[in-house]
Amino acid sequence: EEKLRAARLTFDKVETLGTCRRLTLFVANLSAKQPDLSEEIKGPPAKIAFDAQGNPTPAALGFAKNHGIITQNLVIKAFNNCDYVFANNQRKGQTAEKVLKTLLPEIISAIYQPVSMRWGAIDFKFIRPIHSLLALCGSKIVRFKLAGITASNKTFGHRYSSLKPTTYSLQLADLVLYKKI
């Protein structure tokens, strides 16, 4: 929940389910995208950012470049009895699928593991070997790779009685991460 909130994604509830071979994360009513973000960033003092003729110095140029704006869009405002340069940074919200592509591997890797193991030639440790990852956001597949496995909308049932993969598809705005271990 903390990671979803930090990524500016809203949701109703989060449920986790598990057996000895499967872990499931279900997020109900996940927002389709992050809200757009507008933030004001304080830069260097104005007397350092601009010379006597009002031309930008390397301090102003570097500040503008770091925040992806042009120097003409820098604003001077008073802050604690001193004039500072401010940048208004507008960031478009990303789709939930794009955010989850990087967030889900972090969430899986952060699961507490009192005892973990490695398998194959990969440098990844987990409680048990991962055999498949199912990751859906609504009806869209969240494609990411972890431990040599690419997430999809397919998973396998019991290893002896269900040898063919099962395909899943959701029509709701929910995130489901199902991991067979």
Side-chain angles (χ1 to χ4, degrees), residues 1-41 66-69 87-181:
E1 291 177 1
E2 291 172 10
K3 288 188 180 276
L4 289 171
R5 284 189 187 103
R8 300 187 342 262
L9 291 173
T10 60
F11 54 92
D12 284 346
K13 67 176 182 174
V14 173
E15 281 186 72
T16 56
L17 308 161
T19 68
C20 38
R21 292 190 181 270
R22 287 169 177 69
L23 299 175
T24 303
L25 170 68
F26 178 77
V27 180
N29 296 322
L30 183 68
S31 58
K33 68 174 254 174
Q34 297 172 314
D36 296 340
L37 183 65
S38 177
E39 60 183 346
E40 194 172 63
I41 304 163
N66 285 343
H67 296 288
I69 62 170
N88 190 5
N89 194 0
Q90 302 285 334
R91 289 192 295 178
K92 285 284 259 185
Q94 297 179 333
T95 63
E97 295 86 32
K98 191 169 186 178
V99 174
L100 294 170
K101 190 175 185 176
T102 56
L103 195 63
L104 290 176
E106 290 176 17
I107 291 171
I108 295 169
S109 299
I111 293 173
Y112 173 69
Q113 304 171 47
V115 177
S116 58
M117 61 185 290
R118 291 182 196 194
W119 61 96
I122 59 171
D123 188 28
F124 182 80
K125 294 170 103 177
F126 202 69
I127 303 163
R128 298 178 64 111
I130 298 173
H131 295 288
S132 67
L133 292 165
L134 181 142
L136 296 172
C137 184
S139 60
K140 297 179 182 174
I141 301 169
V142 180
R143 297 215 186 265
F144 65 93
K145 197 168 189 170
L146 182 69
I149 305 294
T150 302
S152 69
N153 64 338
K154 295 182 171 79
T155 189
F156 293 86
H158 191 275
R159 61 183 166 169
Y160 296 124
S161 62
S162 178
L163 300 176
K164 291 183 182 178
T166 303
T167 303
Y168 289 90
S169 164
L170 293 177
Q171 299 305 317
L172 306 170
D174 296 326
L175 161 71
V176 174
L177 171 66
Y178 177 87
K179 183 171 58 144
K180 182 179 178 194
I181 53 177

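Values below: all heavy atoms of this structure, side chains included; hydrogens, waters and symmetry mates excluded.
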**OP:** Decide yes or no on side chain to side chain contact (heavy atoms under 4.5 Å, CB included) for L146 and F124, but give the supporting numbers first.
**Re:** CA-CA 8 Å; L146 182 69; F124 182 80; 3.6 Å; yes
**OP:** Starting from the C-alpha separation in whole Å, work towards a yes-or-no answer on side chain to side chain contact (heavy atoms under 4.5 Å, CB included) for T16 and L23.
**Re:** CA-CA 7 Å; T16 56; L23 299 175; over 6 Å; no
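Residues L136 and V142 come closest through the heavy atom pair C-CG2, 4.2 Å. Shown here for S38 and N88, the closest heavy-atom pair between the two residues is OG-OD1, 3.3 Å. Smallest separation of non-hydrogen atoms from M117 and P129: SD-CD, 3.7 Å. When every heavy atom of A151 is checked against every heavy atom of I141, the shortest pair comes out as O-CG2, 4.1 Å. Between L30 and C137, the shortest heavy-atom contact is CD2-SG, 3.9 Å. Nearest heavy-atom pair across I149 and H131 is CD1-O, 3.8 Å.
Residue T24 holds its OG1 atom at 9.0 Å from CG of L134, rounded to the nearest 0.5 Å. Of the inter-residue distances, the one linking R128 atom CZ with Q113 atom CD reads 13.0 Å to the nearest 0.5 angstrom. Taking CZ from R143 and CG from L133, the interatomic distance works out to 12.0 Å, rounded to the nearest 0.5 Å. The distance from the CD1 atom of I41 to the CG atom of N66 is 10.0 Å, given to the nearest 0.5 Å. From E39, atom CD reaches atom CZ of R91 across 5.0 Å, with rounding to the nearest 0.5 Å. F11 contributes atom CZ, which lies 4.0 Å from atom CZ of R5 (distance to the nearest 0.5 angstrom).
Put simply, the side chain of R8 gets close to the backbone of P35: a donor and an acceptor are under 3.5 Å apart.
More than 12 heavy-atom neighbours from other residues, nucleotides or ligands sit within 6.0 angstrom of CD on Q90.
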For residues 92-108, please give each side-chain donor-acceptor pair under 3.5 Å, one per line with the distance, not counting sequence neighbours.
unit_1	atom_1	unit_2	atom_2	d
T95	OG1	K98	N	3.4
T102	OG1	V99	O	3.1

